[in-house]
Amino acid sequence: MKLDIFSEDRLGITQEFLTVIFNQGWNLAAMEMHTHHTYLYIDNTGKSFNQIAPLFKRIPGVKDVTQVDLLPNEKKRKHLDALLAKLPDAILDVDKSGEIIVANQSAAIAFGHSTSFLVGKNVSTIIGIEIDELYKCVGQHIEVTSGSTKFLLDLSVVKVGKTIKGAVLIFQSISKMGKQLSAMSDKKPDNYNTFVANCDEMKYIEAQTIKYANLDLPVLINGETGTGKELTARALHNLSDRSKNSFMAINCAALPENLLESELFGYDSGAFSGAKKSGKPGLLELADGGTVFLDEIGEMSVYLQAKLLRFLQDYSFIRIGGSVEVKVDIRVVCATHRDLEVMVSEGEFRQDLFYRLNVLSLKLPPLRERQSDIATLIDLFANRAAEQVNVDRPSFSQDAINLLKFAPWPGNIRQLQNVIFRTIANNDAELIHAKDLMFNDREGAKENELLDFSSILDYESAIENYEKKFLTKMYEQFPSTRKLAKRLSVSHAKISRKLSKYGIGKSD
């Protein structure tokens, strides 16, 4: 029976409670004292509450006696257990020698044993590292392995004064970390709807993406900048059986070779100057079970191409500075705006890697070839822009829609979105005309600079008109077919043909 005795806070009253218990021959299992409250757990009295309570109420200063379900510390422990059970990371509380005192439910799942099995065991039997070694790594993340699962361990020491009395160990699964990072960086399709598909080519791309999603083979996505290569890669992942696992993306053009290598493959402790003492898992490890998206794969160095090719043979690798082979289960999706076949022929990209990556392929059309999709995209972006700017959604006049339809869009859908957002953010009109559209000057933005509508005969002539003007201006800055081809990331042969077609410059 558990009792809460409410009383005056006077000297000796606790001794009188104990005298009652002693005289009755009861077993006192637990006792807690708080200001004005004394909690008693009396075991096997053989009496009812109504028989026990009067014995304590006779003591001077006792105001009330009530029966309770839990003593305060028991209640705290229940709440703590509930809290620990809900925490997603495995947690072990150990004493000074490393014996496990408390293990939460996540620890039981992570280590494949019940909490009752774990309690009383030494932590070294679970992770293979002695507690004294762990105490030396306070403030660091330590990589440990239990069974086939890798964890990053964070250790907090419990001290009384300056004396170590134990520690709390928190284990984060590396694969779970990948899922968390993926969720944090997950880009909702707010740039544009991945499959606005009114034109036949985009309907085909949509159907192929759905078909490829669960084939679990490498996919190579080709398309100009701004055509939605990453969103298509995310669609492949989200439609696949891997959708509950990580989607990790990296731009191969954004990092120098050494940083890209460490980001992809990770490194072990002391691998290079400035490396974390605990080492670091790379994206390939973090994405285990999920998808890795390598954007701008055409910018990857020849050295990393060779390392990636080796990885793709059996999906295993060794961290930088490491000696243990790591094997992962991931799907690789790559994207580029460059013509990899031309790069292969010019010796800039490994032929064997090209064939490894180009098992399944998707070629995203530029916006100028998706004229029937533009009106839908205008509506989509206008609604989003109005919502973000907190204004009523304006309408677009026919001359504005025509201008948007016939614009060449070198930045593709990303550029269209920018123009719509910029226009709505800077215009309060209910009806947007062509003159109101806010192109960036670098985009060839003014209406009369884009196209002379009176001279348009058909779609092809409109495109040729713009292409001639565009290449004329670009050739002024890059007066060589090779320089211009490099600047525009196309083949020398293609630029040479275009310049010859429009009579621009002199072929070299």
Side-chain angles (χ1 to χ4, degrees), residues 187-210 221-236 238-239 295 335 337 362-427 429-440 442-447 450-451 453 456 459-460 462-463 466-467 470:
K187 297 178 181 176
K188 304 300 179 187
D190 54 1
N191 288 334
Y192 63 92
N193 191 325
T194 309
F195 295 117
V196 170
N198 297 319
C199 69
D200 291 340
E201 195 164 358
M202 280 308 295
K203 288 179 180 177
Y204 174 77
I205 293 293
E206 180 180 17
Q208 289 297 98
T209 301
I210 294 170
I221 305 171
N222 195 273
E224 296 178 10
T225 182
T227 50
K229 297 186 288 294
E230 181 169 347
L231 290 180
T232 303
R234 287 182 181 275
L236 284 166
N238 292 335
L239 291 168
D295 197 8
H337 71 283
L362 293 169
K363 184 172 178 58
L364 302 184
L367 186 57
R368 60 184 173 273
E369 296 176 10
R370 297 176 56 189
Q371 210 172 28
S372 59
D373 289 338
I374 289 179
T376 305
L377 289 167
I378 292 171
D379 285 339
L380 180 69
F381 296 146
N383 287 332
R384 290 180 180 169
E387 182 179 348
Q388 289 188 27
V389 180
N390 196 25
V391 297
D392 292 333
R393 186 241 198 250
S395 299
F396 286 75
S397 66
Q398 193 57 51
D399 66 329
I401 293 173
N402 286 340
L403 180 57
L404 293 171
K405 278 188 175 181
F406 284 101
W409 301 120
N412 291 292
I413 299 172
R414 187 182 295 118
Q415 183 188 3
L416 171 62
Q417 176 192 256
N418 292 343
V419 170
I420 299 297
F421 270 65
R422 192 184 303 128
T423 299
I424 291 177
N426 291 279
N427 198 312
E430 295 181 359
L431 182 64
I432 302 293
H433 293 280
K435 62 182 178 60
D436 301 319
L437 293 172
M438 298 190 69
F439 288 85
N440 185 301
R442 292 184 179 181
E443 298 167 348
K446 303 207 172 132
E447 177 185 358
L450 284 168
L451 290 170
F453 282 100
I456 292 177
Y459 176 75
E460 291 300 328
I463 293 300
Y466 175 82
E467 190 172 54
F470 172 73

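What you see is a predicted model; the values in this text were computed from it and never measured.
Judged purely by atom type and a 3.5 angstrom limit, Asn238 uses its side chain to pair as donor or acceptor with the backbone of Arg234. Between the side chain of Ser395 and the backbone N or O of Leu431, no donor-acceptor pair lies under 3.5 Å.
Rounding to the nearest 0.5 Å gives a distance of 12.0 Å between CZ of Arg414 and CG of Leu416. Rounding to the nearest 0.5 Å gives a distance of 10.5 Å between CD1 of Ile420 and CG of Leu380. Summarising the geometry, atom CD belonging to Glu201 is positioned 6.0 Å from atom CD belonging to Glu369; distances are rounded to the nearest 0.5 Å. Taking NZ of Lys405 as the reference point, atom CG of Leu377 lies at 11.5 Å (rounded to 0.5 Å). Going from atom CG of Leu231 over to atom CG of Leu236 covers 11.5 Å, rounded to the nearest 0.5 Å. Remark: Leu362 CG to Ile221 CD1 distance equals 5.5 Å, nearest 0.5 Å.
The minimum heavy-atom distance linking Ile374 with Trp409 is given by the pair CD1-NE1, 4.1 Å. Looking at every heavy atom in both residues, Ile205 comes nearest to Pro365 through CG1-CD, 4.4 Å. Of all non-hydrogen atoms in Asn412 and Leu367, the two that sit nearest each other are OD1-N, 2.8 Å. When every heavy atom of Met438 is checked against every heavy atom of Arg422, the shortest pair comes out as O-NH1, 2.6 Å. Shortest non-hydrogen contact noted between Cys199 and Asp373 is N-OD1, 3.1 Å. The heavy-atom pair separating Glu224 from Lys229 by the smallest distance is O-NZ, 3.0 Å.
At a cut-off of 3.5 Å, with distance as the only test, a side-chain donor of Asn402 or Gln398 sits close to an acceptor on the other residue.
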Would Glu206 and Thr209 count as a side-chain contact (heavy atoms from CB on, under 4.5 Å) here? Give the steps.
CA-CA 5 Å; Glu206 180 180 17; Thr209 301; 5.8 Å; no
When you look at Thr232 and Thr227, which way does the side-chain contact (heavy atoms from CB on, under 4.5 Å) test go after all the steps?
CA-CA 9 Å; Thr232 303; Thr227 50; over 6 Å; no
Working for side-chain contact (heavy atoms from CB on, under 4.5 Å), residues Phe396 and Leu403
CA-CA 11 Å; Phe396 286 75; Leu403 180 57; over 6 Å; no
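For Pro394, the side chain to side chain contact (heavy atoms under 4.5 Å, CB included) criterion is met by Ile424, Ile432, not counting sequence neighbours. When the side chain to side chain contact (heavy atoms under 4.5 Å, CB included) test is applied to Asn222, the partners found at least two apart in sequence or on another chain are Thr336, Lys363. For Thr376, the side chain to side chain contact (heavy atoms under 4.5 Å, CB included) partners are Val196, Asn198, not counting sequence neighbours.
Salt bridge Arg393/Asp379: present, at least one basic N to carboxylate O contact under 4.0 Å.
Within a 6.0 Å sphere centred on CG of Asp392, heavy atoms belonging to other residues, nucleotides or ligands number 12 at most.
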